[in-house]
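Below is one structure; the comments refer to it alone.
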Amino acid sequence: MRLEYFQMLDRFVEVKADEKWIRSESKAPTQSPVFEGHFPGYPLMPGVLMIENMAQTCGWLVSAITGFTGLPVLAGVKEAKMRGAIFPDMEFTTEGKIVHEGSGFAIADGKIRSGDTAIAEARLTYRIIPYPSPEFQNTMVTWAKQLDFPLEEFRKVDSQS
Amino acid sequence: MSTTFDKVADIIAETCDIPRDTITPESHAIDDLKIDSLDFLDIAFAIDKAFGIKLPLEQWTQEINDGQATTDQYFVLKNLCARIDELIAAKNAA
């Protein structure tokens, strides 16, 4: 993950496509300009970036259920709780589950854990807008592969439905 | 047994913190109740869950943008409730 580029997760490691559930894995960087300011001499990942980590994990899942044709735009954050801290070099996982697929929107729950310790959680609302171009879709699919996103799992679900 | 309107009005009152007694079947969700599109997503979520349906918001928006429908047809509450009843009937018939 590269906080300053908003690349907020390292890879996807587990998926249950039929349950619309996914888990990503990340390791906080050793150094980042973000840590220089938050806080000098006591680096902590800002809570808003924990929310972004959950939003990106769930966002990839929302995009997948549209067949990578819809861009989930974060529209709302509810019940956000930061229960613990993320320090440099700390490893953590993020679970995402879609709780509702509406017409043009989706709602998902995100949870961050480090080991058995709950770090953060939030309920996220997304508007879903069409990808702006075929090139953008190619870019997103390529990026998904780089994150080990299980594209095939969602194709299986598509073919069954 | 509460009517579709009663349930929808309760949802709107709770979701948007609007006094329940100001919500009538003639109320226009946007023009009268001042509900914006983001708050309407919360309402749609609650309606979808409460009635086991999926409000076709994208289709409605497209029809309004194309001039094929007016906002009154979908966002005056008595009309919204009629659409909900149609969706419930279609689901039960399937």
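Letters go in sequence order (proteins before strands), and every chain restarts at 1.
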### Message
Restricting to non-hydrogen atoms, name the atom on B:Phe45 and the atom on A:Phe105 that form the minimum distance, rounded to 0.1 Å.
### Response
N-CZ, 3.8 Å
### Task
Establish whether B:Ile53 and B:Leu80 are linked, either directly or via other cluster members, by ILVMFWY side-chain heavy-atom contacts under 4.5 Å.
yes
### Query
Can you list the residues that meet the salt bridge (Lys or Arg N to Asp or Glu O under 4.0 Å) rule with A:Glu14, with sequence neighbours excluded?
A:Arg23
### Query
Are B:Leu57 and B:Val76 in one and the same hydrophobic cluster, where Ile, Leu, Val, Met, Phe, Trp and Tyr link if side-chain heavy atoms are under 4.5 Å apart?
no
### Any residue meeting side chain to side chain contact (heavy atoms under 4.5 Å, CB included) with A:Ser133, in chain and number order, not counting sequence neighbours
A:Glu135, A:Phe136
### Task
Decide whether A:Ile65 and B:Leu41 are clustered together by the hydrophobic rule: side chain heavy atoms of Ile, Leu, Val, Met, Phe, Trp, Tyr closer than 4.5 Å, transitively.
no
### Query
Same cluster for A:Val62 and A:Val141 if Ile/Leu/Val/Met/Phe/Trp/Tyr side chains link at under 4.5 Å?
yes
### Query
Same cluster for A:Val99 and B:Phe51 if Ile/Leu/Val/Met/Phe/Trp/Tyr side chains link at under 4.5 Å?
yes
### Task
Below 4.5 Å from any heavy atom of chain A, which atoms of B:Leu55 appear? Answer side chain, backbone, both or neither.
backbone
Extract the chain A to chain B donor-acceptor pairs under 3.5 Å, no hydrogen or angle test applied.
residue: A:Lys78; atom: NZ; partner: B:Asp42; partner atom: OD1; Å: 3.1
residue: A:Lys78; atom: NZ; partner: B:Asp42; partner atom: OD2; Å: 3.0
residue: A:His100; atom: NE2; partner: B:Asp48; partner atom: OD2; Å: 2.8
residue: A:Ser103; atom: OG; partner: B:Leu57; partner atom: N; Å: 3.1
residue: A:Ser103; atom: OG; partner: B:Glu58; partner atom: N; Å: 2.9
residue: A:Gly104; atom: N; partner: B:Glu58; partner atom: OE1; Å: 3.4
residue: A:Arg127; atom: NH2; partner: B:Ser37; partner atom: OG; Å: 3.1

### Query
Where along residues 30-57 of chain A does a heavy atom come under 4.5 Å of chain B, listed by residue number?
none
